[in-house]
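The structure appears below as structure tokens.
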Amino acid sequence: MHDPRALLDPGNEAVRRLARRGYTLDSAALEELLSSRNSGIKTADDLRAESKKLAGEVGKTAKAGGDVTALKERARELKDEIKQAEERAEAASADLRDLMLNIPNLPLDTLPDGFSDEDATEVRRWGTPPQFDFTPRDHVELGERTGILDFARATKLSGPRFRVARGAGAALERGLASFFLDLHTREHGYTEFSVPHLVMPSALLGTGQLPKFEEDLFRTAAGTRDLYLIPTAEVPLTNLHADEIVEPGDLPLAYTAWTPCFRSEAGSYGRDTRGLIRLHEFEKVEMVRIVAADSSQNELEKLVGHAEAVLQKLGLAHRTILLAAGDTGFGAQMTYDVEVWLPGQDTYREISSCSDCGQFQARRANIRTRTDEGKREFVATLNGSGLPIGRTMAAVLENGQQADGSIVLPEVLTRYTGFSTIHADGKTD
RNA sequence: GGAGGCGUCGCCUAGUCCGGUCUAUGGCGCCCGCCUGCUAAGCGGGUUUGGGGUUUAUCCCCCAUCGCGAGUUCAAAUCUCGCCGCCUCCGCCA
């Protein structure tokens, strides 16, 4: 969410910047809502001041033995006027809030123009895609032939877009998660968290999934509780400090958590229907950074570096792209995607998305800190995948496949899995 | 799920029975100043948060804020109802 006054400040060029992502800002409507809310508040406040004064007079007059019937009559009238003024102010306030909650973040001017991943700027590449003297299989075929992935039975249990991992596959998932967490906590300075996977609507409002993207979420109901399954650990991790003032000396905060992520994938019917790429439920290690507002750009470079480091330790070829203004997510002002090479698809595919949200989420979630002068100020928040378990497993399987049908794992994983090769029959050593 | 207790300005706390003098008491902490070779002590002052108006480096004024929300009343920290959270005991449970 933005500060409405800042959005109306011509110096911020909000109209032009939002247009780059296809959002048309109606400044006139915004200005009208803001001034009508403010004048409503003023009117109600002034009437309340008069009412308070009158109540005091009633008390004094009564004590002195005077007649208070006229005063009381006027006070009752005033009460009705206050109620009406409050209702007007409340209505304008609610309309303003609805509008504000649906305005996306301002993309930074450094982002390329455009609306799709084809408009992104490639920032750097690392490693060389492996060459095969046979036609490489995709991870679905590799997983099913070795018996470590079972999509048919997952469908039997839960319908499309789920996975069952078995034996070495399940161990590999667990090993990947442990490896990611160890790397981030020991070498990148993150604090590991275990967090709830069900959250209240207020948390999703804070990070920007609600109210606009409700259809992307799984919603649960039990008794009077109304809880959502988290689509990413970004939600609980960022909202840990909602409604708090974080001491400046504690910044930057660097948090990581391994959680399942639940996404309805509404609107993506027919896309990536095979395999581990797009599931309703997947596991991910997420990184969140809560930082001073003026350092968010530097912090984004660190964050994306941490995501890239995971792939480098795994020896997986990847590239990093800067998303176009129109392709950047609702809450972000700048996003890097890291894409890993998938031999089965003969292309780079997104494996991490690292975003600088500026103060956008902090204002929604009310996360603040203090400036040097002791004034309260919203922090900046960043989040990035580090990494998703499923897509990483797909990359590990596809990149490590051998002519004989076996899969050689990255060396760094062997101490986590206890094996370095998955043979064609699913056995390991 | 049952019974009881508690929720006040960063922390602790007075006030709630019996509505107006609450512009919420006091202590701790913190900030500013005075005093003093230095430090400590002492003395004086300040210190909830959010919004609006005015002005815009300031200041000033107003409104709201005693867990949250509704109600009664001219007037609510105080009375009524609902909800939430925490604590203790019982039941159930991984």
Side-chain angles (χ1 to χ4, degrees), chain A residues 1-12 30-101 194-206 220-228 236 239-251 260 359 362-379:
Chain A
M1 192 159 55
H2 301 281
D3 173 357
R5 286 182 219 275
L7 222 47
L8 288 169
D9 181 346
N12 287 326
L30 177 61
E31 188 147 20
E32 168 61 30
L33 277 175
L34 183 64
S35 77
S36 114
R37 178 195 70 143
N38 288 353
S39 72
I41 288 172
K42 174 104 171 72
T43 306
D45 279 358
D46 289 349
L47 287 169
R48 234 179 272 117
E50 197 183 336
S51 166
K52 272 174 69 167
K53 219 160 84 186
L54 207 53
E57 282 173 34
V58 171
K60 262 184 251 164
T61 309
K63 204 169 192 177
D67 181 10
V68 295
T69 50
L71 286 175
K72 278 185 161 187
E73 182 52 37
R74 173 64 191 137
R76 262 191 289 270
E77 280 169 28
L78 214 48
K79 212 160 111 171
D80 287 340
E81 289 172 39
I82 290 170
K83 196 169 182 184
Q84 283 172 31
E86 276 177 343
E87 278 165 8
R88 278 201 305 277
E90 192 46 51
S93 201
D95 288 348
L96 178 65
R97 185 179 150 80
D98 284 349
L99 176 64
M100 292 305 298
L101 282 175
S194 274
V195 291
H197 305 154
L198 287 166
V199 296
M200 297 194 289
S202 55
L204 290 152
L205 198 84
T220 70
T224 58
R225 307 290 286 277
D226 180 24
L227 297 171
Y228 291 83
N239 281 288
L240 282 172
H241 293 289
D243 297 316
E244 290 183 13
I245 294 175
V246 182
E247 290 304 324
D250 293 339
L251 299 179
Q359 295 175 298
R363 193 172 275 112
R364 286 175 164 247
N366 191 26
I367 308 170
R368 295 176 295 174
T369 186
R370 280 180 236 278
T371 63
D372 294 338
E373 301 86 49
K375 287 189 171 165
R376 281 162 291 275
E377 176 184 72
F378 291 110
V379 297

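Here is the naming used below: chain letters follow the sequence lines, and residue numbers restart at 1 for every chain.
The residue among A/Arg368 and A/Lys79 whose nearest nucleotide of RNA chain B lies closer to the 5′ end is A/Arg368. Judged by closest nucleotide on RNA chain B, A/Lys52 is the one of A/Ala75 and A/Lys52 placed further toward the 5' end.
B/rG2 and B/rG51: their C1' atoms are spaced 44 Å apart (whole Å). A distance of about 15 Å separates the P atoms of B/rC84 and B/rG69, rounded to the whole Å. When the C1' atom is compared between B/rA77 and B/rC18, the two are found 15 Å apart, to the nearest whole Å. Rounded to whole Å, the C1' atom of B/rC12 lies 37 Å from the corresponding atom of B/rC74. For the P atoms, the distance linking B/rC32 with B/rA14 amounts to 31 Å, nearest Å. Of the C1' atoms belonging to B/rG52 and B/rU47, the separation is 23 Å, rounded to the nearest Å. The gap from the P atom of B/rC79 to that of B/rG5 amounts to 15 Å, rounded to the nearest Å. When the P atom is used for both B/rC31 and B/rU49, the distance is 16 Å, rounded to whole Å.
If you check B/rU88 for Watson-Crick or wobble pairing at under 3.5 angstrom, you find it paired to B/rA3. Nucleotide B/rC83 has B/rG67 as its partner under the Watson-Crick or G-U criteria, with both atom distances under 3.5 Å. Pair assignment for B/rU73 gives none, since no Watson-Crick or G-U wobble pairing has each distance under 3.5 Å. Here B/rC28 sits opposite B/rG10 as a Watson-Crick or G-U wobble pair (both hydrogen-bonding atom distances under 3.5 Å). Remark: B/rA57 base-pairs with no nucleotide in the shown strands. Criterion, Watson-Crick or G-U wobble with two distances under 3.5 Å.
Of all heavy-atom pairs spanning A/Asp226 and A/Thr220, the tightest one is OD1-O, 3.6 Å.
Counting any heavy atom pair closer than 4.0 Å across all strands shown, A/Arg5 reaches sugar-phosphate atoms only and no base atom. Across all strands shown, A/Arg376 has heavy atoms under 4.0 Å from sugar-phosphate atoms exclusively, and none from any base. The residue A/Ile41 sits close only to the backbone: its heavy atoms come under 4.0 Å of sugar-phosphate atoms, none of a base.
Distance check, rounded to the nearest 0.5 Å: CG of A/Asn38 to OG1 of A/Thr43 gives 10.5 Å.
Looking at heavy atoms from C-beta onward, A/Leu7 lies in side-chain contact with A/Met100 at the 4.5 angstrom threshold.
Under a 4.0 Å N-O distance rule, the pair A/Glu81/A/Arg74 qualifies as a salt bridge. Ion pairing between a basic and an acidic side chain is recognised when a charged N comes within 4.0 Å of a carboxylate O; A/Asp80 and A/Lys83 show no such pairing. Salt bridge annotation for A/Asp46-A/Lys42: present, with a cationic side-chain nitrogen under 4.0 angstrom from a carboxylate oxygen.
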Just list the side-chain donor-acceptor pairs under 3.5 Å for residues 239-250 of chain A, sequence neighbours left out, or say none.
residue, atom, partner, partner atom, Å
A/Asn239, ND2, A/Ala203, O, 2.7
A/Asn239, ND2, A/Val235, O, 2.9
A/His241, ND1, A/Glu244, OE1, 2.8
A/His241, NE2, A/Tyr255, OH, 2.7
A/Asp243, OD1, A/Asn366, ND2, 3.1

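A distance-only check finds no donor-acceptor pair linking the side chain of A/Ser93 to the backbone of A/Arg37 [under 3.5 Å].
If you walk RNA chain B from 5' to 3' and mark each nucleotide with an atom closer than 4.0 Å to a heavy atom of chain A, the marks span B/rG20 to B/rA75.
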